[in-house]
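First up is the structure itself, then whatever we jot down about it.
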2 protein chains.
Amino acid sequence: MVGRFVETLELYGRLSDADREAVAALPGAVRRFEAGEDIVSEGDAPSQCRLLLSGLAFRHKTLRDGRRQIMSFHVPGEICDLEGLLLAMDHSVTALSRADVSFIPHAAMEALLDGHPQVAKALWRTELVENAVAREWMVGMGRRSAYARIAHLFCEMYARLRAIGLVEGARCWFPITQTHLSDALGLSVVHTNRVLQALRGEGLLSFRGGMLTVHDWQGLKAAGEFDASYLHLKADPV
Amino acid sequence: MVGRFVETLELYGRLSDADREAVAALPGAVRRFEAGEDIVSEGDAPSQCRLLLSGLAFRHKTLRDGRRQIMSFHVPGEICDLEGLLLAMDHSVTALSRADVSFIPHAAMEALLDGHPQVAKALWRTELVENAVAREWMVGMGRRSAYARIAHLFCEMYARLRAIGLVEGARCWFPITQTHLSDALGLSVVHTNRVLQALRGEGLLSFRGGMLTVHDWQGLKAAGEFDASYLHLKADPV
DNA sequence: CTCGCAGTTTAACCTATGTTGGCCTTTGAA
DNA sequence: TTCAAAGGCCAACATAGGTTAAACTGCGAG
């Protein structure tokens, strides 16, 4: 069971029919996770790759005293513990919403990568893009105001969800709480709430009950100093 | 010319004699960079891998208004544009000190990776560790005080330089200005200076003229909430 | 229904860190 | 030797964002 995986790979590289078939033939047992459940935990040395079929997930580290930093989000079609192929997990990945996850044995994945160099390239490219995203977050946390950071995150998720067809009209399902948002951006919940109201007040977006609507994409991009090139997507939405 | 590259790879994977020889046989033209010179620039689509032979380098993004975020440091033996194998650069890498860099043609690198899977694994592991480092920086910028962040960075660089034999006694050459430090940690120079003085005042370290001396490793680790496991090194220094 | 919980919103107050601007020190080029 | 530039340091003041605590809202479970 491989869900949107092929499409995601094709965002980042051209595949032959044989490549596509090999990917589609990947074995994988599916398991459902509820929101808040760990998909992989810090310290695990996985023996399968966990592929997100549906729902969202986030990587995070939690310090002893409870402070938490969310380091990235995963959308359907992405493997959320690719590094587990070579390294033990130094952080956890948790389901943000209910999520279905396919467990692909490392042996099967390695065989695929050995036999299909184009697939391997595309997969490493997804990994590299994930790092590019991480770097962009660093810029935000180090050098942008809370206002710009929040706007930027919404831009990013909107662009990514749009790239995989999960935006309809100007709306997408992004079931994140203000607490998650704060932990992703290094802010307090109170301040996140203040800024969110400003963003809404300016008519840039609305965000209620997990549904994000972008009312003014240009305005939101400007507020977030957003430039999609770091996502290395084929086309910038609008 | 391949410098410490073999040793760096062996920090992250076991190589056969044949692997080692193949790495050592890599072609590469050497070029010297002065401090502040770009080794690769944003927008480049490299056709060689740039391997640091000596000196330090840093990755960074610079926003239009001059705000800058440093996203990582590179030590000798590391390739500073590995992602250039698959993607265009979305940021620049600049020499922190005078640095010698070997330019290895992508074709040669690809041939090596195809023919020597253990080398490929080790190399990807270095890349994954670099991401782990980036994630740890995110935790710092989002959730740690300036004091802890600065201590943490010194811990990290000390541990990394130690791992490659560049620490003597408790001293290492880390020729960074307070401006660089600020840009790496998302702080103002003034505040960096304040905190540095606190760190010195508490006898944890001294840092003058590019020379870092750690006086109290345990104390510094505690101040930075530092736990080296994210570096995935074979052994924690002391 | 209604209880309880998770999430959101407010308000009052606080502090870590930023800003500005000036001076001091070191270094290295002329 | 002296000068300029880069880096370091310092003080006064400003503010973005944190903290605490309490109320409000919506919703699923029983």
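Atom-to-atom, CZ of R208(B) to P of dT25(C) comes out at 12 Å; the value is rounded to the nearest Å. In this entry the distance linking CG of L187(B) with C1' of dA16(C) reads 10 Å, nearest Å. Counting to the nearest Å, the P atom of dG7(C) and the CZ atom of F207(A) are 12 Å from each other. The separation between L181(B) atom CG and dC9(D) atom C1' is 15 Å, rounded to whole Å. For the pair I150(B) CD1 and dA16(C) P, the computed distance is 15 Å after rounding to whole Å. In this structure, the NE2 atom of H191(B) is 14 Å from the C1' atom of dG17(D), given to the nearest Å. One can place OH of Y147(B) at 21 Å from C1' of dG18(C), the figure rounded to the nearest angstrom. The CE atom of M211(A) sits 18 Å away from the P atom of dG26(D) (whole-angstrom rounding).
Below 30°, between 30° and 60°, or above 60°: for W217(B) and Y158(B) the angle between ring planes is between 30° and 60°, a tilted geometry. Ring geometry, F58(B) versus H60(B): the interplanar angle falls from 30° to 60°, so the pair is classed tilted. Using cut-offs of 30° and 60° on the angle between ring planes, the pair F174(B) and F207(B) is tilted.
A side-chain hydrogen bond (donor to acceptor under 3.5 Å, both in side chains) with R68(A) holds for exactly one of T179(A), D183(A), T62(A); it is D183(A).
No engagement by G210(A) is indicated, since no non-hydrogen atom pair under 4.0 Å with the nucleic acid exists. Heavy atoms of L196(A) sit nowhere under 4.0 angstrom from any nucleic acid atom. Using a 4.0 Å heavy-atom criterion, one finds that V189(B) contacts no nucleic acid atom at all. Nucleic acid contact class of R200(A) (heavy atoms, under 4.0 Å, all strands): sugar-phosphate only. Nucleic acid contact for S188(B): base, since at least one base atom lies under 4.0 Å from a heavy atom of the residue.
Along DNA chain D, the nucleotide nearest G142(B) and the nucleotide nearest I176(B) are compared for position; the residue whose nucleotide lies closer to the 5' end is I176(B). Mapped onto DNA chain C by nearest heavy atom, G186(B) and Q178(A) fall at different nucleotides, with Q178(A) at the one closer to the 5' end.
You'll find that the side chain of R149(B) is closest to dT17(C), out of dT8(C), dG18(D), dT17(C). Between dT8(C), dG18(D), dA11(C), one nucleotide has an atom nearer to the side chain of V190(A) than all others, and that is dA11(C).
A sub-4.0 Å separation between OP1 or OP2 of dG8(D) and a side-chain N or O of Q197(B) is absent. Dashed line: the shortest gap from a side-chain N or O of N193(B) to OP1 or OP2 of dC9(D) is under 4.0 Å.
Residue R194(B) places a side-chain atom within donor-acceptor reach of the base of dG18(C), judged by atom type and a 3.5 Å distance cut-off alone.
Taking the six-membered ring where the residue is Trp, the centroids of H152(A) and Y230(A) are separated by under 6.0 Å.
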